Amino acid sequence: MEEKTLSAEKTRRKRNLRENLRGWGIIGPIILYYFIFGIIPIIILFRYSFMQDDLFLGTQFVGFKNFVTIFTDKNYYVLFLATILIAVFTIGLSLVFGMLIALAVTQPLRGRGVYRTVYYIPVVISMAVVAQIANVWLSYNDGTFNNILNTLGMGSVAWKQSTFWMYFWIIFICVWKGLGATVILLVAGLNAIPPELYEAAELDGAGAVTKFFKITLPQLRPMLVFVMITSIIGAFNIFEPVQLISQGGPDGTTKVILFQIYNEAFQNGNYGMGSAIAVVVLVMLMILTALNMKFGEEKEEK
């Protein structure tokens with residue numbers, strides 16, 4: 001009897017060992033990849049944030065000098081304000097239009113598959129291509145929009161010399177480009193809502209607006225929290241439209257955080273300041289993500 005028990009125990013241990021090895025074989029490469037391309041770069045980033053590069057003196061340790069500059073120089077306040085402004089409008093418009101499109105394509109419409117394909121096309125188009133098309137549209141001398149205005153007897157508009165229009169077109173392009181990803185997530189959330197909830201609400205005489213606010217939004221809350229988190233991270237990583245369309249102009253009013261990091265590190269050769277800005281952005285995103293998740297959990301508990 002004891003021999004059978006020992007044999008069964010050995011068999012169980014071997015099986016557990018095989019399962020553990022199989023599990024580590026699956027997640028091991030992922031952990032290694034994350035450590036090499038995630039943890040190590042972050043450690044290097046924090047290290048460089050306390051450094052300053054000088055053409056003659058080389059790289060020197062300066063402590064918190066870079067961070068003091070970031071929080072005391074008014075130019076960086078303008079930089080963060082521009083980023084937050086673009087982020088707020090981009091996220092807000094993406095959520096509103098994304099919800100409207102998601103609700104539309106989940107209805108029993110004819111040709112629904114075509115609509116679901118069309119709205120996702122901008123996501124797969126390169127931002128560099130979109131930016132070049134926008135430059136053709138916005139050119140002052142022979143741009144598409146100014147040609148249309150001239151045909152209608154109106155004067156040309158210096159789109160790239162106007163802070164308002166540069167903000168408008170950057171936000172418009174970012175919303176248009178990323179709307180498909182938002183919609184596909186919201187569609188997945190809408191399809192996961194049990195139809196019995198809507199049927200019960202209809203029996204109680206609830207209208208479309210009541211069903212939306214009492215059923216759809218509460219059921220979509222986990223997905224909305226996820227969309228908000230990814231949208232915030234994406235909005236703070238806007239770079240290509242600014243780099244390729246406005247170049248931070250006019251007069252630096254459309255400079256965003258990632259554009260400034262690029263300028264400091266690769267244009268000015270000051271990797272220390274670029275790293276310090278990146279650390280500040282990392283901390284901001286972590287705080288915003290934590291607050292967003294906490295807010296979503298509290299709402300869910302209620």
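Note that the coordinates shown come from a computational prediction; the quantities given were computed from them, not determined experimentally.
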Open item on the list: Gln260 vs Asn263, test: side-chain contact (heavy atoms from CB on, under 4.5 Å). Steps then yes/no.
Closed with: CA-CA 5 Å; Gln260 187 65 21; Asn263 281 342; 4.3 Å; yes
Review item, side-chain donor-acceptor pairs of residues 82-90, under 3.5 Å, at least two apart:
| unit_1 | atom_1 | unit_2 | atom_2 | d |
| --- | --- | --- | --- | --- |
| Thr83 | OG1 | Leu79 | O | 3.0 |
| Thr83 | OG1 | Ile257 | N | 3.0 |
| Thr90 | OG1 | Ile86 | O | 2.6 |

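- Side chain of Lys177 to backbone of Pro122: a donor-acceptor contact under 3.5 angstrom is found.
- Among Leu93, Val130, Ile171, the one residue that satisfies the side chain to side chain contact (heavy atoms under 4.5 Å, CB included) test with Trp176 is Val130.
- Val78 and Val68 are assigned to two separate hydrophobic clusters, defined by single-linkage of ILVMFWY side chains at heavy-atom distances under 4.5 Å.
- Looking at heavy atoms from C-beta onward, Met166 lies in side-chain contact with Leu138 at the 4.5 angstrom threshold.
- In this structure, Thr182 has no side-chain hydrogen bond (donor to acceptor under 3.5 Å, both in side chains) partners at least two apart in sequence or on a different chain.
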TODO: With side-chain contact (heavy atoms from CB on, under 4.5 Å) as the test, would you mind laying out the steps for Phe61 and Met51 before giving the verdict?
DONE: CA-CA 4 Å; Phe61 179 80; Met51 304 291 183; 4.0 Å; yes
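- Scored by the ring pair (Phe, Tyr, Trp, His ring centres under 6.0 Å) test, Phe172 finds Trp169 as partners (sequence neighbours excluded).
- Every residue two or more places apart in sequence or in another chain that forms a salt bridge (charged side-chain N to carboxylate O under 4.0 Å, His left out) with Glu19 is listed here: Arg22.
- Between the CG atom of Leu185 and the CG atom of Leu190 there is a distance of 11.0 Å, given to the nearest 0.5 Å.
- Residues Leu258 and Ile70 share a single hydrophobic cluster, defined by chaining ILVMFWY side chains whose heavy atoms lie under 4.5 Å apart.
- Partners of Tyr76 by side-chain hydrogen bond (donor to acceptor under 3.5 Å, both in side chains), not counting sequence neighbours, listed by chain and number: Glu264.
- In this structure a side-chain-to-backbone donor-acceptor pair under 3.5 Å is missing from Tyr120 to Val183.
- The backbone N or O of Leu244 lies less than 3.5 Å from a partner atom in the side chain of Asn135, making a donor-acceptor pair.
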Listed pairs under 3.5 Å, donor-acceptor, residues 27-50 side chains, sequence neighbours left out:
| unit_1 | atom_1 | unit_2 | atom_2 | d |
| --- | --- | --- | --- | --- |
| Ser49 | OG | Phe46 | O | 2.6 |

TODO: Using the side-chain contact (heavy atoms from CB on, under 4.5 Å) rule, take Asp251 and Thr163 through it: C-alpha gap first, then chi angles, then the decisive distance, then the call.
DONE: CA-CA 9 Å; Asp251 299 325; Thr163 300; over 6 Å; no
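- Counting only heavy atoms from C-beta outward, the side chains of Ile184 and Val123 never approach each other to under 4.5 Å.
- No hydrogens or angles considered: a donor-acceptor pair under 3.5 Å links the side chains of Thr216 and Tyr198.
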Contacts under 3.5 angstrom, residues 226-238 side chains, donor-acceptor by atom type, not counting sequence neighbours:
| unit_1 | atom_1 | unit_2 | atom_2 | d |
| --- | --- | --- | --- | --- |
| Thr230 | OG1 | Phe226 | O | 3.1 |
| Thr230 | OG1 | Val227 | O | 2.9 |
| Ser231 | OG | Val227 | O | 2.6 |
| Asn237 | ND2 | Ile233 | O | 2.5 |

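- Among residue pairs with one or both ends in residues 238-266, those qualifying as ring-ring contact (aromatic ring centres under 6.0 Å, His included) are Phe239-Tyr262, Tyr262-Phe266; sequence neighbours excluded.
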Open item on the list: Walk me through whether Thr69 and Met273 qualify under side-chain contact (heavy atoms from CB on, under 4.5 Å).
Closed with: CA-CA 9 Å; Thr69 302; Met273 180 58 75; 3.9 Å; yes
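- Applying the side-chain hydrogen bond (donor to acceptor under 3.5 Å, both in side chains) test to every pair with at least one member in residues 145-155, sequence neighbours left out, gives these pairs: Asn146-Trp159, Asn150-Ser156.
- The neighbour count for Asn20 CG, taken as heavy atoms of other residues, nucleotides or ligands under 6.0 Å away, is above 12.
- Take Lys65 and apply the salt bridge (charged side-chain N to carboxylate O under 4.0 Å, His left out) test, not counting sequence neighbours, and it matches no residue.
- Using a 4.5 Å cut-off on side-chain heavy atoms (C-beta onward), Pro250 and Thr253 make contact.
- Gln247 is linked by a side-chain hydrogen bond (donor to acceptor under 3.5 Å, both in side chains) to nothing, counting only residues two or more places apart in sequence or in another chain.
- Residues passing the side-chain hydrogen bond (donor to acceptor under 3.5 Å, both in side chains) test with Asp73 are Asn75, sequence neighbours excluded.
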